[in-house]
Amino acid sequence: MENQNTQQKIQNLLTEKAVVKQKIYDNTLEVFGLIKEVLKEIEEDFNDKLRGYDKRVKLEYNDRGKYEAELKVAGDLLIFSMHTNVFEFDRDHSIWKLSYVTDNVLNSYCGIINIYNFLADSFKYNRLEDLGYLIGRIFVNREYHYFVEGKRQMGFLYNNFGSAVIDKKSLRTIIETAIMYALEFDLLVPPYDVVKIASVVQLNTKIENAKLQTGKRLGFRFNSDDVLEEKEQ
C-alpha cells in the first residue's frame with residue numbers, strides 16, 4: 001500500500017509539476033527567440049538614426065547560439081543569457097504576496113533570462129579578469145506572465161505579474177531600458193589603493209593584451225541600494 005502511494009505521488013509530480021516545467025522552458029525559449037528579433041530590429045533602427053555620426057558609435061547585434069545573444073552599444077556590451085532550468089522563488093520573495101501565486105503555486109515557477117553589462121573591450125582584448133554586472137533578469141511563467149528584477153529603472157512592479165503578458169512591445173521597452181542603464185552607468189577611475197600594486201605577471205600580460213582588471217565600478221561596492229526598491233502603489 002505504501003509503495004502504491006509513493007508511485008502515485010511520483011506519477012502526480014510527473015504529470016503536474018514536471019509537465020508545467022517543460023511548458024515554462026518552451027515559453028522561455030520562445031520569448032528568447034523574440035528577444036533576438038527585437039535586438040536585431042533595435043540594431044537596424046538605431047543605426048539608421050546614427051548614420052552620419054562617428055562610425056564607431058553604432059549598435060552591433062550578434063547571435064551567440066541557442067541560449068545567448070549580445071548587443072554591442074558603442075563601448076558597452078549587453079549579453080542576454082537564457083538559463084535552461086526552471087526556478088521557484090524563496091518564501092521571503094515579494095511574489096508570494098500576490099493572490100495569483102498563492103492561489104496556484106504552479107504559477108510561481110519561472111524561467112529566467114539574464115541581462116549582463118560588460119565593457120566591449122573586455123571581450124575585444126580578451127581581458128579575462130574584467131568585471132561585468134547583472135543589470136536585469138526577466139522571469140516568464142507557464143502563462144507567459146512575466147516581471148523584471150533589476151537595477152534602478154530596470155525594475156518593474158511585482159504586482160504586474162499575473163496580468164502582464166510578455167510580447168515584443170514589452171521586450172523592446174525592457175531592452176531599451178537596459179541600453180539606457182548601461183550607457184548611463186559610467187566607468188569610474190578605481191581608488192588609488194586598489195591599483196597601486198601590480199605584479200610582474202599583470203604588467204607583462206597588460207603589455208600583451210591590456211588585461212589589468214577593469215570594471216565600471218572596480219574598487220567600489222556595487223551596493224544593494226543600486227537595486228530598485230519596489231515602487232509605491
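Note that OG of Ser99 is 10.0 Å distant from CG of Asn107, once rounded to the nearest 0.5 Å. With rounding to the nearest 0.5 angstrom, the CD atom of Glu143 is 9.5 Å from the NZ atom of Lys23. To the nearest 0.5 angstrom, Ser108 atom OG is 11.0 Å from Asp90 atom CG. A distance of 6.5 Å separates CZ of Phe80 from CG of Leu71, quoted to the nearest 0.5 Å. To the nearest 0.5 angstrom, Asp130 atom CG is 8.5 Å from Asp121 atom CG. Note that CG of Leu34 and CD of Glu41 are 9.5 Å apart. Values are rounded to the nearest 0.5 Å.
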**Study point:** side-chain contact (heavy atoms from CB on, under 4.5 Å) between Leu59 and Leu50, intermediate numbers included
**Key:** CA-CA 9 Å; Leu59 279 63; Leu50 294 169; 4.1 Å; yes
**Study point:** Derivation and outcome, side-chain contact (heavy atoms from CB on, under 4.5 Å), residues Phe123 and Ile79
**Key:** CA-CA 11 Å; Phe123 288 84; Ile79 296 180; 3.6 Å; yes
Check your understanding: Taking it one step at a time, do Phe147 and Leu98 satisfy side-chain contact (heavy atoms from CB on, under 4.5 Å)?
Key -> CA-CA 13 Å; Phe147 71 93; Leu98 304 178; over 6 Å; no
Exercise for review: Evaluate the side-chain contact (heavy atoms from CB on, under 4.5 Å) criterion for residues Leu78 and Leu39: first the C-alpha distance (whole Å), next the side-chain angles of each, then the deciding distance (0.1 Å), finally the verdict.
Suggested key: CA-CA 10 Å; Leu78 291 175; Leu39 289 173; over 6 Å; no
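For the residue pair Asn5/Lys9, the side-chain donor-acceptor check at 3.5 Å is not satisfied. No donor-acceptor contact under 3.5 angstrom links the side chains of Asn117 and Tyr133, judged on distance only. A donor and an acceptor atom, one from each side chain of Asp26 and Gln22, are nowhere located under 3.5 Å apart. Residues Ser170 and Asp167 have side chains that bring a donor and an acceptor to within less than 3.5 angstrom of each other.
Residues Ala178 and Ile115 share a closest heavy-atom pair of CB-CG2, 4.3 Å. The nearest pair of heavy atoms linking Arg142 to Ile24 is N-CG1, 3.5 Å. Taking each heavy atom of Ser81 and Phe32 in turn, the nearest pair found is N-CE1, 4.2 Å. Contact detail for Lys36 and Lys66: the closest heavy-atom pair is NZ-O, 3.7 Å. The two residues Leu171 and Ile35 have their closest heavy-atom pair at CD2-CG1, 3.7 Å. Pairing each heavy atom of Tyr25 with each of Thr84, the nearest pair is CD1-O, 3.6 Å.
Under a 3.5 Å cut-off, the side chain of Trp96 and the backbone N or O of Phe89 do form a donor-acceptor pair. In this structure, the side chain of Asn62 does not engage the main chain of Arg64 through any donor-acceptor pair within 3.5 Å. At distances below 3.5 Å, not a single donor-acceptor pair connects side-chain atoms of Asn47 with backbone N or O atoms of Lys58.
Ring-centre distance between Phe161 and Phe139: not below the 6.0 Å cut-off.
Using a 4.0 Å cut-off between charged side-chain N and carboxylate O, Glu43 and Lys40 make a salt bridge. Using a 4.0 Å cut-off between charged side-chain N and carboxylate O, Lys72 and Glu70 make no salt bridge. A salt bridge links Arg56 to Asp54: one of the charged nitrogens lies within less than 4.0 Å of a carboxylate oxygen. Taking a cutoff of 4.0 Å between a charged side-chain nitrogen and a carboxylate oxygen, Arg51 and Asp48 qualify as a salt bridge.
Under a hydrophobic clustering in which Ile, Leu, Val, Met, Phe, Trp and Tyr are joined whenever their side-chain heavy atoms come within less than 4.5 Å, directly or via other members, Val19 and Val140 fall into different clusters. Connection of Ile42 to Leu183 is established within a shared hydrophobic cluster, with ILVMFWY side chains joined at heavy-atom distances below 4.5 Å, either directly or through further cluster members. The hydrophobic cluster containing Ile95 also contains Val105, counting ILVMFWY residues as joined when their side-chain heavy atoms lie under 4.5 angstrom apart, directly or transitively. Tyr67 and Ile166 fall within the same hydrophobic cluster, defined by Ile, Leu, Val, Met, Phe, Trp and Tyr side-chain heavy atoms under 4.5 Å apart, directly or through other members.
By the 30° and 60° cut-offs, the orientation of the rings of His83 relative to Phe87 is perpendicular.
Inter-residue side-chain proximity for Ile174 and Tyr146 is flagged as met; some heavy-atom pair is nearer than 4.5 Å. Side-chain contact between Val148 and Arg137 is absent, with no heavy-atom pair separated by less than 4.5 Å. Within the 4.5 Å cutoff, no side-chain heavy atoms of Lys17 are placed close to those of Glu88.
Environment of NZ in Lys124: sparse, with no more than 12 heavy atoms of neighbouring residues, nucleotides or ligands closer than 6.0 Å. More than 12 non-hydrogen atoms from other residues, nucleotides or ligands lie less than 6.0 angstrom from NZ of Lys49.
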